[in-house]
Visitor: 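So that we are looking at the same thing, I have put the structure below in structure tokens.
The sequence lines fix the lettering, A, B, ..., with proteins before strands; numbering per chain opens at 1. Note that this is a predicted model, so its numbers are computed, not measured.
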Amino acid sequence: MSQFWKPGAEKPRLLDDEEGGVLFLAASASSSRLGHSSIQKQRQRLPVYKYRTAILYLVETHATTIIVGETGSGKTTQIPQYLKEAGWADGGRVIACTQPRRLAVQAVASRVAEEMGVKLGEEVGYTIRFENLTNTGVTMIKFLTDGVLLKEMMDDPLLSKYSVIMVDEAHERSISTDILLGLLKKIQQRRPELRLIISSATIEAKSMAAFFQTSKKHRGMEGEVLGPRIEPAILSVEGRGFNVQIHYVEGPVSNYVQAVVSTVLLIHDREPMGDILVFLTGQDDIDAAVKLLTEEVQNCGRNSLGLIILPLYSGLPRAEQELIFAPTPRGKRKVVISTNIAETSLTLEGVVYVVDSGFSKQRSYNPLSDIENLVVAPISKASARQRAGRAGRVRPGKCYRLYTEEYFINEMSAEGIPEMQRSNLVSCVIQLKALGIDNILGFDWPAPPSPEAMVRALEVLYSLGVLDDDAKLTSPAGFQVAEIALDPMISKMILSSSELGCSEEIITIAAVLSIQSVWVSGRGAQKELDEAKLRFAAAEGDHVTFLNVYKGFLQSGKSPQWCHKNYINYQAMKKVIEIREQLKRTAQRLGIVLKSCETDMLVVRKAITAGFFANACRLEAFSHNGKYRTIRGSQEVYIHPSSVLFRVNPKWVIYHSLVSTDRRYMRNVTSVEPSWLREAAPHYYKHQPPSNPMLH
DNA sequence: GAGCACTGC
């Protein structure tokens, strides 16, 4: 009576598509005998439902199945349920489904629990940082961020409790996803019974297939049946979006902010009602466009009165972000001018028109200077398609691309560069080391990072005393640093604080350094913000200033009003508390003594130095403009104007990070004594060239 | 006296 495909039953019909992958011929969905409740009917109306049998067949017979599914296909919520219904969660095994983002994990898990009529955290559960809603032995389907799954591998390198692991949104190519894919490929060789599903929104499935294709064949006697086929299966599932008509400009656009404004006005004049979503690169562009558009509307008369113009970027205060979701009043048209946040993280209902500038801010990394920064760069074709798709969620839409069709076809790359190839790899390398991957340079990456970047990461870890001469994790420091889920320099700072007796203070600093900013985003009330900052400013620098803010917050009883009055971001402070609690638990597990140094800030600065000695700088002699040089590399740097040490210019400082604009600015700076540097890292500072007037 | 795409453990 069951319609599910089971091993041994007649196979569904398969067809080779022109790409050389395996594509299933749609089966009829109407013959199902699943339940008749409305939820079941809804499930059956999803495009993925037609492929249910095919998916189960492919997963049964292939070690890896790649599913190309557009948004709205239902793959994320349905496939884990199909697998469970087909018995993949029998015998205490668990079906895992990873997501790049926490919010998606929670949303999908609660949706699936609802569809299955179970309480979230029982048969269906989820795990994200700070939250574990699963029940061992009961949970059959578990949603989690890919970062959490990597963390789980530290305790269970073969992920032995999982029968199927579905890696969703793999096309986004985040660092965690790429590390995970590389490791899963390795696990497959040891666990032929494990099944992988790689789910991606773009057609670049072939390169993913090639990556998993090269898996070594499971060895066995000649003629023996060796379990699943090694070559990955590829299956495409259509989405449920509406058609989106694409319009290109006829000639290149010189000023895309201006072009955005005129395009929005044109849509508003000529097109029927429906909201407009604009993609620009960052806060600057967006604020400029909002201002320009508002002025145009005021100069334009009656027809433009119906526009509600809203900016959207992650740094926006919570209340302003929420305006985006308010339904558009009758007769009005909403225009949301956004960063990439609306491309993947947030979904706006009611959008019918998309205006795509063709650019976004992207992280880039130079391993030689060890500097990460953001650059405005052209987006990929995949990104352009994703942006256009945002116009077709409620009804057929239109997308206006502010670049020529010729440019789209000939100049835009098919896919973006994976994050792995645009980032500092220190955290990535230590994670792999902790998982016993000794040969980092020879690791089978989905997209190998440059050797320079890997060597740079190894150097930094060696200088921190986390790796030894053989590039193996040191014990215990190396393992401890790997266990703390933060940048290794911060983790090292925490370890040192244990010996220096200031771990209570240092974990507060570590928590603050791992959020964006404790201050409310500065524009508009700059003077007031600067004055508020002075109330907390410490002569030692920004790190000690953070301690003062934290103390003030606790003394206020964690009051939102107190935060508001002092230009402090309340949401950020709540996050600091949360991260701090987690660090405290990790520290206790690692045997780090939690101790406060009370008012002795000297040891706090020494602990900071122990983690960040590589970022030491010296004020240039006779410098009247605050010019510093890094000790290693002798690069010209300046204290950022947002630092409490701006214009104070102590002789020796260490910084937490550099931002590179017209100059290189040090953010989060603390003054130090030069003797501490050699104390903290004698090996690192022993061979300074004599031209560098160092450590006298 | 300047600027923060977006995630995640």
Visitor: Main chain of T177(A), side chain of S174(A): is a donor-acceptor contact present, judged purely on distance under 3.5 Å?
Guide: yes
Visitor: Tell me which nucleotide among dC9(B), dA2(B), dA5(B) gets nearest to the side chain of P641(A).
Guide: dA2(B)
Visitor: Is the positively charged end of K381(A) above the ring of F408(A), judged by distance under 6.0 angstrom from the centroid and angle within 45° of the axis?
Guide: yes
Visitor: Counting any heavy atom closer than 4.0 Å, what does D285(A) reach on the DNA or RNA strands: base, sugar-phosphate only, or nothing?
Guide: nothing
Visitor: Heavy atoms only, 4.0 Å cut-off, all strands: where does V376(A) land among base, sugar-phosphate and nothing?
Guide: nothing
Visitor: Looking only at side-chain atoms of R101(A), point me to the closest of dT7(B), dA5(B), dC9(B).
Guide: dT7(B)
Visitor: Base of dG3(B), side chain of D662(A) - is there a donor-acceptor contact under 3.5 Å?
Guide: no
Visitor: Check every strand shown and say whether S176(A) touches a base, only sugar-phosphate, or nothing at a heavy-atom separation below 4.0 Å.
Guide: nothing
Visitor: Without swapping roles, check the side chain of R102(A) against the backbone of R129(A) for a donor-acceptor pair under 3.5 Å.
Guide: yes
Visitor: Answer with base, sugar-phosphate or nothing: what part of the nucleic acid does F130(A) contact at a heavy-atom distance below 4.0 Å?
Guide: nothing
Visitor: Sequence neighbours excluded and cut-off under 3.5 Å, please list the side-chain donor-acceptor pairs for residues 653-664 of chain A, or say none.
Guide:
from	atom 1	to	atom 2	distance (Å)
R664(A)	NH1	Q635(A)	OE1	2.1

Visitor: Look at all strands and tell whether R663(A) reaches a base, only sugar-phosphate, or nothing, counting heavy atoms closer than 4.0 Å.
Guide: nothing
